[in-house]
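Remember, it's 1-based here, ligands and their atoms both numbered in the order they're listed.
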Amino acid sequence: MSKSTSKHWRDLDSQHHLHPFTNHKSLRASGATRVIVRGEGPYIWDSEGNRILDGMSGLWTTNVGYGRKEIAEAAYQQMLELPFYNTFFKTTHPPVVALSNKLAELAPDKLNQVFFGSSGSESNDTAIRLIRHYWTLKGEPKRRIIISRAMAYHGSTIAAGSMGGMPHMHKHSYPVYEGFRHIIDPYWYGESKDGETPEAFGLRAAKALEDEILAVGPENVAAFAAEPVQGAGGVKIAPATYWPEIQKIVDKYGILLLADEVITGFGRLGTWFASEYYGIRPNLITFAKAATSGYIPLSGLLIDDKIVDALMSHDDDFNHGYTFSGHPVACAAALANLELMERESMVPRVNTFGAPSLARMLARFKDHPLVGEVRSVGMLGAIELVADKKTRRRFADPGRVGLICRDHFFNEGFIMRAVFDTMVTAPPLIWTADQFAEAETAIGRALDKTLSDVAGEIAA
Ligand code: PXG
């Protein structure tokens, strides 16, 4: 495609398309910077023919990579057979039955039922309603409060946005829904005190849950909701002491645990679900994104037997659902995606190859003058950019240097995302040594270029 074709798409885009999470004034002035036209394996191509290594799996999503014919074929066949039918009014269809059974097999013990949606936000809304409905059924209707964390991202609907903690997500929906509280993130690099070990900090961050439960009254608390690893909040990986302590507190007060695995589900940590990786026992798991590797929207909420038993023991409707709950084409695509992951052993390969390769690659940059910390777990990684390595002092105007760095990555033909000045990566599970080498070269060059742009701001 030529430059003039790119201009054509950009101009038309500006006229009629409002993008998500965007400063519309500035986007209208500049136009979209890139037009992505194709994907194959770990790469995407823009409309000017540039090949780009996608270190973000689309948006934490394309775990099997792009262009897998098996998924396209399954969706095509299902579209011919039955493109749509609803699952309301006591009706079902084979793809939704098959996928529900498959998910029950892959999910942790006791999570045997699934309620489908089309986005992570929707399924978190399902979780919020179901958690509160559960406590009403149990005769404890006062239990409404769901505790979450300060930089949690749980989606963009008003309920999921209220459950999330990011202040900018609350800005347009004042007053945000009541009944949510937010505690400290388990983010050792950014939140620990001088000399505090990761282990001690992990316990302190977990203890914040107990403090909050006691502050609002245990009899009012319905659940704790958290991503096993905070993704959009900056790939915040909890210290080893955090999750065991959280599980203890959840058990002690008898509240429900909701694990939002929209990013961590389907192999990203080398287990089907990250709850398994951390040894936690959630009562509910939200999933989306990689369920179909993003080939078509599908999300869901996995629900444990305890909650399902409460539903079964009451002759009462749970008035909730979406037209596209259990969409047959999405279910067929998800089944093909999961089969592909199994056939090619993609999940165990994260442990034997992907995770150690990512950790090794990031470690090469830990001594770079711009880099305060590198960290990773499974196929999730982060590089902290700081003005002063020794004191962890950030740059003025958070996010500015991250964007400079992100643009250098892009010019090197590589995509990483900036969360303020934390550069994050979530490669597809299929990277080989070639892609890790390519990423390493791009990261090295982009960091050096960023350093020369901000050299005057770096501590000597
Ligand atoms: N939970 C988590 C943990 C997420 O990461 C959602 C819920 C909501 O999913 P939907 O499908 O409704 O978008 C997400 C979504 C980013 C970014 O910039 C991350 C997400 C969405 C958009 C942008 O990192 N995660």
Side-chain angles (χ1 to χ4, degrees), residues 18-23 54-63 115-128 146 148-166 168-169 173 180 182 185-186 223-238 257-266 268-269 273-275 278 282 284-302 322 324-325 327 330 334 377-382 399 402-403 406 409-410 415-427:
L18 291 179
H19 294 232
F21 288 89
T22 289
N23 175 328
D54 182 7
M56 276 308 295
S57 299
L59 199 53
W60 324 88
T61 296
T62 52
N63 283 16
F115 195 110
F116 289 104
S118 304
S119 72
S121 306
E122 282 179 10
S123 287
N124 276 325
D125 276 33
T126 302
I128 294 163
I146 299 176
S148 158
R149 298 180 301 187
M151 282 296 282
Y153 186 77
H154 293 300
S156 204
T157 54
I158 297 179
S162 302
M163 184 161 78
M166 297 175 175
H168 65 274
M169 290 299 299
S173 45
F180 297 96
H182 301 95
D185 297 326
F224 177 57
E227 303 159 71
V229 179
Q230 276 173 297
V235 180
K236 292 177 176 153
I237 304 166
L257 177 60
L258 164 63
D260 180 340
E261 298 230 25
V262 166
I263 283 178
T264 53
F266 304 106
R268 191 146 288 284
L269 267 55
F273 292 93
S275 297
Y278 286 110
L284 308 111
I285 290 180
T286 330
F287 66 83
K289 295 185 185 277
T292 62
S293 282
Y295 281 55
I296 199 164
L298 176 108
S299 70
L301 181 69
L302 288 155
Y322 309 104
F324 292 153
S325 287
H327 190 289
V377 60
M379 290 289 268
L380 282 172
L403 288 188
R406 184 193 68 181
F409 279 135
F410 193 76
I415 290 181
M416 265 174 82
R417 171 163 158 20
V419 177
F420 298 104
D421 296 332
T422 308
M423 307 309 297
V424 301
T425 181

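Ligand 1 is approached by K289 to a heavy-atom distance shorter than 4.0 Å. Contact between W60 and ligand 1 is present, with at least one heavy atom of the residue lying under 4.0 Å from the ligand.
Short contacts between ligand 1 and R417, defined as distances under 4.0 Å to a heavy atom of the residue, involve ligand atoms 16 (C), 18 (O), 24 (O). Near I263, with a cut-off below 4.0 Å to any heavy atom, the atoms of ligand 1 are 5 (O).
The backbone N or O of A426 lies less than 3.5 Å from a partner atom in the side chain of S57, making a donor-acceptor pair.
Separating the NZ atom in K289 from the CD atom in E261 is a distance of 14.0 Å, to the nearest 0.5 Å. For the atom pair CZ (R417) and CZ (R406), the distance works out to 8.5 Å, reported to the nearest 0.5 Å. Residue L258 holds its CG atom at 5.5 Å from CG of L284, rounded to the nearest 0.5 Å. R149 CZ to H182 NE2: the interatomic distance, rounded to the nearest 0.5 Å, is 11.0 Å. Here the straight-line distance linking atom CD1 of I146 with atom NE2 of H154 works out to 9.5 Å at 0.5 Å rounding. Atom CZ of F287 is separated from atom CD1 of I263 by 15.5 Å, given to the nearest 0.5 angstrom.
Of the heavy atoms in E227, only side-chain atoms (C-beta onward) come closer than 4.0 Å to ligand 1. Residue contacts with ligand 1, taken as heavy atom pairs separated by less than 4.0 Å, involve N124 solely via side-chain atoms from C-beta onward. With a 4.0 Å cut-off on non-hydrogen atoms, A288 does not touch ligand 1 at all.
Donor-acceptor pairing under 3.5 Å is lacking for the side chains of T264 and E227.
Remark: minimum distance from atom 1 (N) of ligand 1 to any protein heavy atom is reached at D260 OD2, 2.7 Å. The protein heavy-atom contact nearest to atom 11 (O) of ligand 1 is G120 N, 2.9 Å. Of the protein's non-hydrogen atoms, the one nearest atom 2 (C) of ligand 1 is Y153 O, 3.3 Å. Scanning the protein heavy atoms around atom 12 (O) of ligand 1, the nearest turns out to be S121 OG, 2.5 Å. Protein heavy atom in closest approach to atom 23 (C) of ligand 1: L59 CD2, 3.4 Å.
When the shell of 6.0 Å around CZ of F420 is examined, it contains 12 or fewer heavy atoms from other residues, nucleotides or ligands.
Around atom 7 (C) of ligand 1, the closest heavy atom drawn from M163, H154, E261 belongs to H154.
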